[in-house]
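In what follows, a single structure is set out as structure tokens and then discussed.
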Amino acid sequence: MRHRVKRKHFGRTANQRKALFRNLIVNLLLHERIETTVAKAKAVKGLAEKVVTLGKRGDLHARRLALSKIPNRAAVAKLFDEIAPRFKDRNGGYLRIIKTRNRLKDQAPLAVLEFVDFEERHPRKEKTKGSE
């Protein structure tokens, strides 16, 4: 029985789970949108929002704390230079989870984890019918 178990383990040890979450957060920061399973998206969302809050602080100590959580200098630089200034007037809720489909092989429910202003910054291109 799972009495008082606080988090999902995803069938991994603590170190493997930490590496999984770090990789998901790095890819989210670099690409601003990732597709993963719903359970992993829910687990990563809180961690990623805390890192964005560190980016909003913007000082050296916050940058070092962010580097300790996600040791990828390119991702941290993008967080502090591009992503965090976009949310300076927002008090949280930087990410959204959109459920999309089930994976073909194992029918796992998939979701898109993206920043809330993703559609504004990356509008979809209209498909043109023929070459006019």
Side-chain angles (χ1 to χ4, degrees):
M1 288 190 238
R2 298 185 65 249
H3 295 302
R4 299 175 62 91
V5 176
K6 291 191 176 192
R7 66 185 58 88
K8 292 189 180 290
H9 295 289
F10 299 110
R12 292 171 165 85
T13 63
N15 289 334
Q16 292 171 343
R17 212 169 32 250
K18 186 177 179 182
L20 170 74
F21 292 160
R22 280 181 172 187
N23 286 328
L24 286 173
I25 292 172
V26 165
N27 286 320
L28 176 66
L29 293 176
L30 292 178
H31 303 292
E32 298 187 15
R33 173 186 226 174
I34 57 171
E35 185 178 30
T36 183
T37 63
V38 173
K40 288 177 187 173
K42 287 180 179 180
V44 168
K45 183 181 175 187
L47 300 172
E49 288 193 353
K50 287 179 184 175
V51 172
V52 173
T53 303
L54 283 175
K56 281 174 57 176
R57 277 182 32 196
D59 57 348
L60 180 62
H61 183 59
R63 186 176 292 263
R64 287 178 176 164
L65 285 174
L67 274 169
S68 73
K69 299 214 184 293
I70 45 170
N72 184 321
R73 290 188 182 274
V76 171
K78 183 172 181 180
L79 168 69
F80 277 77
D81 297 338
E82 297 176 25
I83 296 171
R86 296 193 322 231
F87 298 112
K88 68 179 187 298
D89 297 331
R90 193 176 181 99
N91 290 329
Y94 314 116
L95 297 168
R96 76 166 63 105
I97 297 174
I98 303 170
K99 296 178 183 177
T100 56
R101 61 189 173 94
N102 287 345
R103 195 161 41 205
L104 287 176
K105 295 286 184 177
D106 60 354
Q107 292 299 310
L110 296 179
V112 170
L113 181 65
E114 67 183 10
F115 287 102
V116 293
D117 63 348
F118 183 81
E119 294 297 328
E120 298 167 5
R121 299 184 52 79
H122 305 286
R124 292 184 181 177
K125 295 177 181 165
E126 297 292 329
K127 291 184 180 178
T128 58
K129 192 173 183 181
S131 59
E132 298 172 315

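Position 1 is the first residue of the sequence, and the numbers go up from there.
- Classification of the Phe87-Tyr94 ring pair by plane angle, with boundaries at 30° and 60°, yields tilted.
- Summarising the geometry of Arg17 relative to Lys8, their closest heavy-atom pair is CD-O, 3.6 Å, with the distance given to 0.1 Å.
- Nearest heavy atoms, Ile25 versus Ala48: CD1-N, 4.1 Å.
- Side-chain atoms of Arg22 come within 3.5 Å of backbone N or O of Lys69 as a donor-acceptor pair.
- The local environment of NZ in Lys50 is sparse, with at most 12 non-hydrogen atoms from other residues, nucleotides or ligands closer than 6.0 Å.
- Side-chain heavy atoms closer than 4.5 Å link hydrophobic residues (I, L, V, M, F, W, Y) into clusters, and following such links, possibly through other members, connects Leu47 to Leu24.
- The minimum heavy-atom distance linking Pro85 with Phe80 is given by the pair CD-O, 3.6 Å.
- Hydrophobic cluster membership differs between Leu79 and Leu54, with clusters built from Ile, Leu, Val, Met, Phe, Trp and Tyr side chains linked at under 4.5 angstrom.
- With values rounded to the nearest 0.5 angstrom, Asp117 atom CG is found 8.0 Å from His122 atom NE2.
- Here the closest heavy-atom approach between residue Thr37 and residue Ala108 is recorded as CG2-CB, 4.4 Å.
- Note: the hydrophobic cluster containing Leu110 does not contain Val112 (ILVMFWY, side chain heavy atoms under 4.5 Å, direct or indirect links).
- For Asn15, the CG atom is loosely surrounded, since the number of other residues' heavy atoms within 6.0 Å does not exceed 12.
- Interatomic distance, Leu29 CG to Ile34 CD1, rounded to the nearest 0.5 Å: 9.5 Å.
- Taken together through direct or relayed side-chain contacts under 4.5 Å among Ile, Leu, Val, Met, Phe, Trp and Tyr, Phe10 and Val44 form part of one hydrophobic cluster.
- In the hydrophobic cluster analysis, where Ile, Leu, Val, Met, Phe, Trp and Tyr join through side-chain heavy atoms closer than 4.5 angstrom, Val116 is grouped together with Val52.
- In this structure, CD on Glu114 lies 13.0 Å from CZ on Arg121, to the nearest 0.5 angstrom.
- Atom CZ of Arg64 has 12 or fewer heavy atoms from other residues, nucleotides or ligands within 6.0 Å.
- Atom CG in Leu28 sits 12.5 Å away from atom CG in Asn23 (nearest 0.5 Å).
- The distance from the CZ atom of Arg4 to the NZ atom of Lys6 is 7.5 Å, given to the nearest 0.5 Å.
- In this structure, Glu119 and Arg124 have side chains that are in contact, with non-hydrogen atoms separated by less than 4.5 Å.
- Residues Phe118 and Glu32 come closest through the heavy atom pair CD1-O, 3.5 Å.
- The 12-atom threshold is exceeded at CG of Asp59, counting heavy atoms of other residues, nucleotides or ligands nearer than 6.0 Å.
- If you take CD on Glu35 and NZ on Lys40, they are separated by 12.0 Å, rounding to the nearest 0.5 Å.
- Nearest approach of Ala111 to Ile97, heavy atoms of both residues: CB-CG2, 3.7 Å.
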